[in-house]
Amino acid sequence: MEAYRDQYATLFNNGRNVVVLAVSVDPDTTLASWARDASFPLLFGSDPGSVVGRRYAAYDEKNKVDDRSLYVIGPDGRVAYHTRPFRQMAADAYTELAAVVDRLSPPAEHETQ
């Protein structure tokens, strides 16, 4: 999550026409405190029963945890990009993500100069 925070301006066009929502099995109070303390510019949702994880095939039944899936939802409400698991240690995974976001919500003209 720190990589998302640290690269927020580049990956997500500084939030222009983009909403980033991270879902975790952690309790909402824990997430809120952690996100506030770490200055995250994105939203967090708590999924302690893995309802969301199960619905979007991100739940690993064997290990009883959600995996690191990543979905990008387009302006039309459809999944425009999905990767499972997200390769958080691979630089090209972030380049690929930024390209998808740019395609769906291009940076403003003054941001590209």
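Starting from 1, each residue takes its place in the sequence as its number.
In this structure, CG in D66 is found 8.5 Å from CZ in R54, a value given to the nearest 0.5 Å. To the nearest 0.5 Å, atoms CG (D102) and CG (L11) are separated by 9.5 Å. One finds the CG atom of L31 at 10.5 Å from the CG atom of D47 (value rounded to the nearest 0.5 Å). The structure places CG of L70 at 8.0 Å from NE2 of H82, a figure rounded to the nearest 0.5 Å. The structure places OG1 of T83 at 10.5 Å from CD of Q88, a figure rounded to the nearest 0.5 Å.
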Walk me through it: do Y94 and F86 pass the test ring-ring contact (aromatic ring centres under 6.0 Å, His included)? CA-CA 9 Å; Y94 296 93; F86 183 70; 5.2 Å; yes
Derivation of the side-chain contact (heavy atoms from CB on, under 4.5 Å) call for Y4 and L97: CA-CA 10 Å; Y4 290 143; L97 174 59; 3.9 Å; yes
Would you please test L21 and F44 for side-chain contact (heavy atoms from CB on, under 4.5 Å) and show each step? CA-CA 5 Å; L21 172 63; F44 287 87; 5.7 Å; no
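Of all heavy-atom pairs between Y8 and G15, the closest is OH-CA, 3.3 Å. Minimum interatomic distance between G74 and A80 (heavy atoms only, all atoms of both residues): N-CB, 4.1 Å. Closest non-hydrogen pair, P41 versus R5, comes out as CD-CG, 3.7 Å. D28 and S46 make their closest contact through N-OG, 3.4 Å (heavy atoms, listed as atom of the first residue, atom of the second, distance). Heavy-atom minimum distance, M1 versus F40: O-CE2, 3.2 Å. Residues A22 and L42 approach most closely at CB-CD1, 4.3 Å, considering heavy atoms.
Sparse packing is recorded around OH of Y56, with 12 or fewer heavy atoms of other residues, nucleotides or ligands lying under 6.0 Å away. With a 6.0 Å radius and a threshold of 12 heavy atoms from other residues, nucleotides or ligands, R103 has its CZ atom above the threshold.
Both V19 and I73 belong to a single network of hydrophobic side chains, linked directly or stepwise wherever heavy atoms of I, L, V, M, F, W or Y lie under 4.5 Å apart. Following chains of ILVMFWY side-chain contacts shorter than 4.5 Å, one cannot reach V25 starting from W34, and the two form parts of different hydrophobic clusters. Under the 4.5 Å side-chain heavy-atom criterion for ILVMFWY residues, a single connected hydrophobic cluster contains both Y81 and V18.
Here the side chain of N63 pairs no donor or acceptor atom with the backbone of V65 at under 3.5 angstrom.
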